[in-house]
Engineer: 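Provided herewith is a single structure, encoded as structure tokens, for subsequent inquiry.
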Amino acid sequence: MPTETLTSTLKIFNPATGELLKEIPETSQENIQKKFEQAKTAQKSWASVSLKQRIEAIASFEKLLESNLESLSRTLTSEVGKPIKQSRNEIAGARRRIRFFLEQSEKWLADETVYEEPGLTEKISYEPLGVIVNISAWNYPYLVGVNVIVPALIAGNAVLYKPSEFSTLTGIEIGRLLHEAGIPKEVFHVVIGGKNAGEILLDLPLNGYFFTGSYKTGQYIYERVAPKMVPCQLELGGKDPLYVPADNNDVKAVAAAAADGAFYNNGQSCCAVERIYVHENIYDEFVKHFTEEVKSFRVGKPEDESTYIGALTRSQQLDFLEMQVRDAVEKGAQVLTGGKKIEGDGNYYEPTVLVDVNHSMSVMMEESFGPLIGIQKVKNDEAAISLMQDTAYGLTSSVYCDKKETADKILRQMDSGTVYWNCCDRVSANLPWSGRKNSGIGATLSYHGIRAFVKPKAYHLKG
Ligand code: NAD
């Protein structure tokens, strides 16, 4: 088990070896309260610092991520089991997102005069929310952290940041580097702990709640903070479909791209491909190439440069994956490769491909969040659309085909925050990142993700 919560100490384990890495005291209720009081006072002076200065501090943070890349990547890999190359990629991706906020924030936070006539000016100004909390997930702690922390601080908010209990060491590093970059200690606080610390944060009279994690916890938080009548944004899980219509000349390349979309980060991505539908005309060819690709994935120690599949972060997920495979096989699915835990130290699961699957099976309906995929044959595009939409989630949907018109027709009908043509498992800082239905509410990234951390004030100015 990688991490377990004791009464007041977090034990941090390496999920690839089971080795105890560190024991860290959880932030007590009293200290969380103190952090909140400090943040409340300090937020006002932080908001009065010029926007340019706040942007400069975040620019220094971006540089520190660059100069500390290797040690930060090693820490991340040690506590979540992510292959070292993928840890470096994550930090590089976080730096790209930060640069987007550095370049765009002035434009989207500036006062806007929207109407003028002699004697009347109508203007919108954007004020920070106040003290906000970010309760975060472990699978991409830099990426999902940056989505919230960076625009919130640039906009003049104070932030209480609770990293996941499974990525605590990384959360501490993020706090250390932000302070080193010039963000005042009173303005940005790291709160250490799991569910208990989260509950204490939910009790505080904060001005905004920004959560990344599972649907179950997100829905609970939404209900819990509703009486406060402050913004609450949720970035939750998905069961993201990928469809391969008959209109495809290079099925081998599509199979390789789809396999990467399903298995990168060991499948532990909110926008990982979670289920695949393939037109019957190309189904056999696709399945053959896809399975060959998955068999070629190198499973190994996360710190080895050649590893593509590392350890799963949470040991409980191994049992969940076993349950999904068992359920599918009992209902008629076939395992083409993988299908079980890898014995020995660490949370390893074989990259697994299932066929002859259908929607009575958990693997096609519930988020797997691991190296497991089901591929279902479909008769035509209409059948695929209907299956893609048969889900409680709405994060991303993708289509791989040659003709843009084929993709357009399908993607228009997807009730998901993001749609992809000939790509998948991709996030861009230029575009809003938002889930529909059980995948969440609100958006981060793009100008929507800058404006999410401010409240508009309408000025009616006569004279
Ligand atoms: P989780 O819901 O178990 O935990 C998320 C956070 O909530 C953690 O910090 C945890 O300590 C905290 N928490 C748990 N119970 C709480 C409570 N009662 N009160 C307050 N806080 C509480 O999720 P996870 O396992 O960390 O993350 C995996 C999930 O996150 C997956 O479903 C994944 O798809 C989703 N995710 C979504 C996005 C996105 O952008 N949509 C990004 C990354 C991960």
Engineer: Can you run down the ring-ring contact (aromatic ring centres under 6.0 Å, His included) pairs that involve residues 57-105, sequence neighbours left out, and say none if there aren't any?
Structural biologist: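 Passing the test, one end in residues 57-105: no pairs.
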
Engineer: Measure the acute angle between the ring planes of Tyr264 and Tyr308, then classify it against the limits of 30° and 60° as parallel, tilted or perpendicular.
Structural biologist: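 Rings of Tyr264 and Tyr308: perpendicular, as their planes differ by over 60°.
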
Engineer: Consider side-chain hydrogen bond (donor to acceptor under 3.5 Å, both in side chains). Of Lys35, Gln29, Glu37, Glu30, which one does Gln33 pass it with?
Structural biologist: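 So the option named by the test is Glu37.
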
Engineer: Could you pull out every donor-acceptor pair under 3.5 Å between side chains of residues 442-450 and any protein atom, sequence neighbours left out?
Structural biologist:
residue, atom, partner, partner atom, Å
Thr444, OG1, Glu235, OE1, 3.3
Thr444, OG1, Glu235, OE2, 2.6
Ser446, OG, His448, N, 3.1

Engineer: Under the salt bridge (Lys or Arg N to Asp or Glu O under 4.0 Å) test, which residues partner Asp319, sequence neighbours left out?
Structural biologist: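 By the salt bridge (Lys or Arg N to Asp or Glu O under 4.0 Å) rule, Asp319 matches Lys341.
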
Engineer: What pairs of donor and acceptor atoms, side-chain ones from residues 364-378 against any protein atom, are under 3.5 angstrom apart with sequence neighbours left out?
Structural biologist:
residue, atom, partner, partner atom, Å
Glu366, OE2, Ser362, OG, 3.0
Glu367, OE2, Gly238, N, 3.2
Ser368, OG, Lys239, NZ, 3.2
Ser368, OG, Gln324, OE1, 2.6

Engineer: In sequence, state the C-alpha distance, the side-chain angles, and the governing distance for Leu321 and Leu312, and then conclude on side-chain contact (heavy atoms from CB on, under 4.5 Å).
Structural biologist: CA-CA 11 Å; Leu321 296 173; Leu312 286 162; 3.7 Å; yes

Engineer: What I'd like to find out is whether the side chain of Leu129 reaches to under 4.5 Å of the side chain of Pro231, using heavy atoms alone.
Structural biologist: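 Yes; the side chains approach each other to less than 4.5 Å.
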
Engineer: Tell me every residue that passes salt bridge (Lys or Arg N to Asp or Glu O under 4.0 Å) with Glu350, counting only those two or more places apart in sequence or in another chain.
Structural biologist: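 For Glu350 the salt bridge (Lys or Arg N to Asp or Glu O under 4.0 Å) partners, ignoring immediate neighbours, are Lys340.
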
Engineer: Looking at side-chain heavy atoms only, is the closest gap between Ile183 and Ile58 below 4.5 Å?
Structural biologist: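 The answer is yes; the side chains approach within 4.5 Å.
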
Engineer: Going by the rule salt bridge (Lys or Arg N to Asp or Glu O under 4.0 Å), which residues pair with Arg224 if we only count those two or more places apart in sequence or in a different chain?
Structural biologist: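 If we apply the salt bridge (Lys or Arg N to Asp or Glu O under 4.0 Å) test to Arg224, skipping adjacent residues, the hits are Glu199, Asp203.
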
Engineer: Using a 3.5 Å distance criterion without hydrogens, assess whether the side chain of Arg97 forms a donor-acceptor pair with backbone atoms of Val150.
Structural biologist: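 A pair under 3.5 Å: no.
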
Engineer: Treating Trp46 as the side-chain partner and Ala39 as the backbone partner, does any N or O pair qualify as donor plus acceptor under 3.5 Å?
Structural biologist: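 Pair absent, no side-chain N/O of Trp46 close to backbone of Ala39.
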
Engineer: Could you tabulate the donor-acceptor pairs under 3.5 Å formed by side-chain atoms of residues 130-141, not counting sequence neighbours?
Structural biologist:
residue, atom, partner, partner atom, Å
Asn134, ND2, Phe210, O, 3.1
Asn139, ND2, Gln268, O, 3.1
Tyr140, OH, Ser269, OG, 3.1

Engineer: Give every residue pair that meets the ring-ring contact (aromatic ring centres under 6.0 Å, His included) criterion with at least one member in residues 317-357, sequence neighbours excluded.
Structural biologist: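 Pairs touching residues 317-357 that pass the test: none.
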
Engineer: Please report the C-alpha distance between Leu204 and Leu201 in whole Å, then the side-chain angles of each, then the deciding distance to 0.1 Å, and finally whether the side-chain contact (heavy atoms from CB on, under 4.5 Å) criterion is met.
Structural biologist: CA-CA 5 Å; Leu204 292 174; Leu201 289 165; 4.1 Å; yes

Engineer: Is it true that a side-chain atom of Asn157 and a backbone atom of Phe453 form a donor plus acceptor pair closer than 3.5 Å?
Structural biologist: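 Yes, Asn157 side chain to Phe453 backbone: donor-acceptor pair under 3.5 Å.
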
Engineer: What residue pairs, at least two apart or across chains, pass salt bridge (charged side-chain N to carboxylate O under 4.0 Å, His left out) with a residue in residues 56-71?
Structural biologist: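 Sorted pair list: Lys52-Glu56, Glu62-Arg95, Glu62-Arg99, Glu66-Arg95, Glu70-Arg74, Glu70-Arg88.
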
Engineer: With a 4.5 Å cut-off on side-chain heavy atoms, are Val225 and Leu202 touching?
Structural biologist: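 SC-SC contact between Leu202 and Val225 confirmed.
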
Engineer: If you look only at pairs with a residue in residues 321-341, which of them pass as a ring-ring contact (aromatic ring centres under 6.0 Å, His included), with sequence neighbours excluded?
Structural biologist: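 Of all non-adjacent pairs touching residues 321-341, none passes ring-ring contact (aromatic ring centres under 6.0 Å, His included).
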
Engineer: Show the numbers, then the answer: is there a side-chain contact (heavy atoms from CB on, under 4.5 Å) between Gln86 and Glu90?
Structural biologist: CA-CA 6 Å; Gln86 296 180 17; Glu90 179 180 344; over 6 Å; no

Engineer: Kindly state each residue pair satisfying side chain to side chain donor-acceptor pair (under 3.5 Å) with at least one member in residues 415-434, sequence neighbours excluded.
Structural biologist: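 Pairs touching residues 415-434 that pass the test: Ser397-Ser416, Asp415-Arg436, Ser428-Asn430.
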
Engineer: Go through it in stages, so that I can follow the logic: the residues are Val355 and Phe290, the test is side-chain contact (heavy atoms from CB on, under 4.5 Å), and I'd like the CA-CA distance, side-chain angles, deciding distance and then a yes or no.
Structural biologist: CA-CA 11 Å; Val355 291; Phe290 188 94; over 6 Å; no

Engineer: Answer yes when Glu322 and Arg326 have at least one side-chain N-carboxylate O distance shorter than 4.0 Å, and no when they do not.
Structural biologist: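 Arg326 and Glu322: not salt-bridged.
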
Engineer: Can you list the residues that meet the salt bridge (Lys or Arg N to Asp or Glu O under 4.0 Å) rule with Lys331, with sequence neighbours excluded?
Structural biologist: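 Lys331 satisfies salt bridge (Lys or Arg N to Asp or Glu O under 4.0 Å) with Asp327 once adjacent residues are dropped.
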
Engineer: Can a donor-acceptor pair be found between the side chains of Ser360 and Asn358 at a distance below 3.5 Å?
Structural biologist: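 Yes.
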
Engineer: With a 4.5 Å heavy-atom cut-off, do Gln317 and Asn347 have their side chains touching?
Structural biologist: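 No, every pair of side-chain atoms sits at 4.5 Å or beyond.
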
Engineer: Could you tell me whether a side-chain N or O of His179 sits under 3.5 Å from a main-chain N or O of Phe188, the two making a donor and an acceptor?
Structural biologist: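 Looks like yes, one N/O pair under 3.5 Å.
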
